[in-house]
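Here is the structure we will look at.
A, B, ... follow the sequence lines: proteins, then strands. Residue 1 opens every chain.
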Amino acid sequence: MKKIIKNQQINWNGETKTFQFTKYLIENDSDFDFMLSKIKESNKIAFDTENGNGEKDSALNPKFARPAGFSISVNGKEGFYIPIEHKDIKTNFQKRFNEIFENKKMIIFWNSIYDGAISESLYNNNLSNYKWYDCMIAQHLLDAFQSKGLKYNTERYFKIKQLKHNFEKKDACQVNASSLFEYACDDAIYTYLHYLRTKEEIKKQNLSNLLLNIEGEFLKVLAKIKLNGIAFDIELAKQIEETLLKDKENIIKEIIKVTPQIKTSKNLLGEVKPLINLNSSQELTKLLYDTLNLPVTKENKSGKPAVDSEALNLMKDNFNEWLHPICPLLIKYKEIQKLISAYTHTLYDKVVDGRIYGDLKDHGTESGRLSAENPNLQQLPKNDTYQIRSLFKSSPGYKMMVSDFGQEELRVAGVLTGSPAFKDSFNQGKDLHLKVANDCYNLGIPEECLVETHPQYKVYKDKFDKQRFYAKSINFGLLYGRTAYGLAPQLKCSVEEAQKIVDDYFKTFPDVRIAIDNTNREIKVKGYVSNMFGRRRRFNKIEKGGKSFYPPSALREGFNHKIQGGCADILRVVMVEVHKYIMKQPKDQIRILTTIHDEIVFEIKDDNRLMEHTKQINYIMQNTVKLPIKLETDFDIGNNYGEAK
DNA sequence: CTCAGATGCGCC
DNA sequence: AAAGGGCGCATCTGAG
């Protein structure tokens with residue numbers, strides 16, 4: 001058994017201390033038995049894996065990676081590396097994987113989604129019978145601002161640089177275990193040390209329940225989702241791409257036709273090409289405002305004339321006629337160009353065995369929401385003419401079922417403010433926006449007619465359409481901290497009139513004003529706000545002119561955090577319960593494919609239990625988190641994401 | 001060449 | 001003092 005002993009100075013609780021680290025390479029069964037004897041007393045174990053590229057995809061995809069080996073530590077002093085497949089050694093230790101976890105209660109990870117998925121995919125044990133403590137998520141709950149890498153945080157907190165290892169060809173399997181094991185052991189050792197470092201602080205900040213019982217369980221669901229992937233229709237994607245490219249060429253021709261000022265060139269095939277790059281906002285600025293002399297309808301963030309679709313859309317005269325025919329054509333061009341660049345080759349390049357394995361990140365946002373990447377499935381266009389969503393389909397023999405919470409943020413806002421108008425509306429099936437308009441502007445609509453199923457409801461809704469629109473604007477503005485200044489353009493009125501509308505609103509619903517003021521006070525006194533699950537969002541003061549204060553954006557973000565972050569944690573709790581239900585069914589009966597903030601996407605076997613599962617899942621979504629305002633869901637079933645909404 | 005910032009745009 | 005919260009990503013641009 002190879003062994004490395006090192007004494008190293010690290011920062012521990014603010015003091016420099018000398019730690020002795022011992023790192024072992026497990027080479028045979030007697031080494032393995034020795035390791036088991038060394039770890040048997042502990043019920044917690046830090047765990048990390050090293051993997052090579054599989055035949056189909058990179059090591060970063062747990063479904064297709066190849067196991068190189070894994071490392072463990074039960075005390076932050078000794079680390080063991082258990083090799084599986086390396087240039088210099090190949091073992092069958094996969095078969096002894098489960099022995100390592102005997103008598104253990106908690107697994108400590110740095111990025112449990114990955115190592116949890118690897119465990120299930122490559123070691124046939126998804127580790128879900130144990131508690132999970134993910135140090136990366138702990139770190140995120142304590143400090144959302146800083147980077148979340150293990151090495152970065154080791155250097156930051158322990159003031160020591162972890163070993164670097166250059167994987168030849170980026171493939172751990174092609175490296176000798178004898179040269180890799182010290183590096184690999186360090187990952188487990190430092191993961192354990194980060195556990196020791198974060199756990200007291202987590203407790204002190206009342207984040208234990210959130211981290212261990214909510215996040216810990218939810219990460220198991222995310223690991224499963226990662227392995228599931230989602231089926232993608234490559235053939236259809238190529239068809240759509242062809243149409244898009246053809247439409248783009250036609251639009252360009254039209255643009256050239258109506259804008260003779262654009263210089264063109266002919267290539268060898270005789271095709272006419274514009275000499276302007278329509279994707280360059282800089283060149284568009286010159287064209288629109290210098291060459292064509294169009295009026296500036298909107299400025300971008302840095303005060304320069306905007307050339308986005310919104311600016312173009314405003315280039316109309318008093319009779320609502322376009323000031324120049326290029327405007328609508330450019331709007332169309334931008335839409336097509338966006339779809340081509342984001343949803344054709346970039347998507348089907350990611351397909352492995354017919355599926356896309358994107359990432360849902362549990363630590364990507366300050367508000368507690370999930371973020372999605374590679375690709376970002378949270379921003380697939382909706383109702384576009386090219387039907388991009390239909391590219392994502394259910395597996396053969398399955399239906400796609402999508403269920404989303406209706407008006408979730410407004411409901412949580414109602415809970416937060418305790419406003420009877422909100423509670424009353426949602427619990428009795430009333431139209432909240434019309435109810436608010438009725439109270440605010442004394443419309444005199446009988447209360448019972450506000451119920452959406454009442455025969456007179458539609459009549460009143462149409463009659464007071466404008467007032468309802470005002471109320472709706474301000475209800476949604478509430479979620480984002482919108483002021484009269486921002487509300488005015490939307491309501492097409494002056495700032496003074498908008499201010500009057502806001503004042504009327506707060507006069508009618510004082511609870512809302514109080515909730516906002518309380519949040520403001522919370523920020524000033526504590527420097528952070530917490531949502532209903534204890535998740536915090538922290539704020540930094542700014543220094544200006546000798547004064548130190550929280551910027552106005554902090555208030556908007558703080559109030560929004562309670563709502564948006566509250567919804568995000570409701571989703572976590574709900575998905576954990578849905579996942580438990582799924583685990584009780586026969587294998588692969590139901591799969592969670594992804595989630596989009598207030599929506600969960602499933603595929604369910606297309607048999608006689610499809611509707612039963614659908615109803616059960618929706619029941620769980622509505623009833624797991626009990627609030628004074630009930631949660632409701634809507635679902636759709638189809639063969640692809642376009643059909644299932 | 002790489003990289004970061006700006007711009008713009010898709011979604012909840 | 002700013003003037004709507006939360007994201008990811010394609011593309012262009014200029015700097016090094």
[X] side chain, from C-beta outward: closest of [options]:
X	options	answer
A/Ile596	C/dC7, B/dC12, C/dG8	B/dC12
A/Val307	C/dG6, C/dG4, B/dG8	B/dG8
A/Arg537	C/dA1, B/dC9, C/dG6	C/dG6
A/Lys338	C/dA3, C/dG8, C/dT13	C/dG8
A/Arg389	B/dG10, B/dC12, C/dA1	B/dC12
A/Asn376	C/dC7, B/dG8, C/dG5	C/dC7
A/Thr365	C/dA2, C/dG8, C/dC7	C/dC7

Atom-pair distance ([atom1] on [X]; [atom2] on [N]), nearest Å:
X	N	atom1	atom2	result
A/Gln337	B/dG10	CD	C1'	14 Å
A/Ile523	C/dG5	CD1	P	13 Å
A/Gln379	B/dG8	CD	C1'	12 Å
A/Leu330	B/dG8	CG	P	12 Å
A/Ile340	B/dG10	CD1	P	14 Å
A/Asp362	C/dC7	CG	P	14 Å
A/Ile563	C/dG6	CD1	C1'	12 Å
A/Lys334	B/dG10	NZ	P	10 Å

- Message: Between B/dC11 and A/Lys382, counting only base atoms on the nucleotide and side-chain atoms on the residue, is there a donor-acceptor pair under 3.5 Å?
- Response: no
- Message: Between the base of C/dG6 and the side chain of A/Gln564, is one N or O donor paired with an acceptor at under 3.5 angstrom?
- Response: no
With a 4.0 Å cut-off on heavy atoms, is [X] in touch with a base, just the backbone sugar-phosphate, or nothing at all?
X	result
A/Gly486	sugar-phosphate
A/Glu366	sugar-phosphate
A/Pro552	base
A/Ala372	sugar-phosphate
A/Leu380	sugar-phosphate
A/Asn277	sugar-phosphate

- ring-ring contact (aromatic ring centres under 6.0 Å, His included) partners of A/Tyr470, counting only residues at least two apart: none
Is the shortest side-chain N/O distance from [X] to OP1 or OP2 of [N] below 4.0 Å?
X	N	value
A/Arg369	C/dC7	no
A/Asn374	C/dC9	yes
A/Asn279	C/dT11	no
A/Ser367	C/dG5	no
A/Ser309	B/dC9	yes
A/Ser553	C/dA1	no

- Message: Work out how far the P atom of C/dG4 is from that of B/dG5, and round it to whole angstrom.
- Response: 25 Å
- Message: Roughly how many Å apart are C/dA1 and B/dG8, using the P atom of each and rounding to a whole number?
- Response: 28 Å
What I want to check is whether the side chains of [X] and [Y] have a donor and an acceptor closer together than 3.5 Å.
X	Y	result
A/Asp503	A/Gln499	yes
A/Tyr641	A/Asp636	no
A/Asn640	A/Asp233	no

- Sequence neighbours excluded - side chain to side chain donor-acceptor pair (under 3.5 Å) pairs with any residue from residues 284-306 of chain A: A/Lys298-A/Asp308, A/Lys298-A/Glu310, A/Asn300-A/Ser302
- Query: Is there a stack between A/Tyr485 and C/dA3, judged by ring centres under 5.5 Å and planes under 30°?
  - Reply: yes
- Item | Side chain proximity check, A/Glu522 to A/Lys562, heavy atoms < 4.5 angstrom | yes
- Query: Are the side chain of A/Asp134 and the backbone N or O of A/Asn111 linked by a donor-acceptor pair below 3.5 Å?
  - Reply: yes
- Query: Can any side-chain N or O of A/Ser394 pair as donor or acceptor with the backbone N or O of A/Asn639 at less than 3.5 Å?
  - Reply: yes
- Would a line drawn from the ring center of A/His433 to the ring center of A/Phe476 be shorter than 6.0 Å? yes
- Message: If you assign A/Lys350 and A/Gln490 each to the DNA chain C nucleotide with the nearest heavy atom, which residue ends up on the more 5' nucleotide?
- Response: A/Gln490
- Pull out every residue in residues 283-306 of chain A that has a heavy atom closer than 4.0 Å to any atom of DNA chain B, ordered by number, or say none. A/Asn300, A/Ser302, A/Lys304
- Any residue meeting side chain to side chain contact (heavy atoms under 4.5 Å, CB included) with A/Ala437, in chain and number order, not counting sequence neighbours: A/Tyr441, A/Leu443, A/Gln467, A/Ala471
Check nucleotides 14-16 of chain C for protein N or O atoms closer than 3.5 Å to its own N or O atoms and list the pairs.
none

- Message: Ring-plane angle category for A/Phe539 and A/Tyr550, please: parallel below 30°, perpendicular beyond 60°, tilted otherwise.
- Response: perpendicular
- Any pair with a residue in residues 481-495 of chain A that passes salt bridge (Lys or Arg N to Asp or Glu O under 4.0 Å), sequence neighbours left out, goes on the list, sorted by first then second residue, please. none
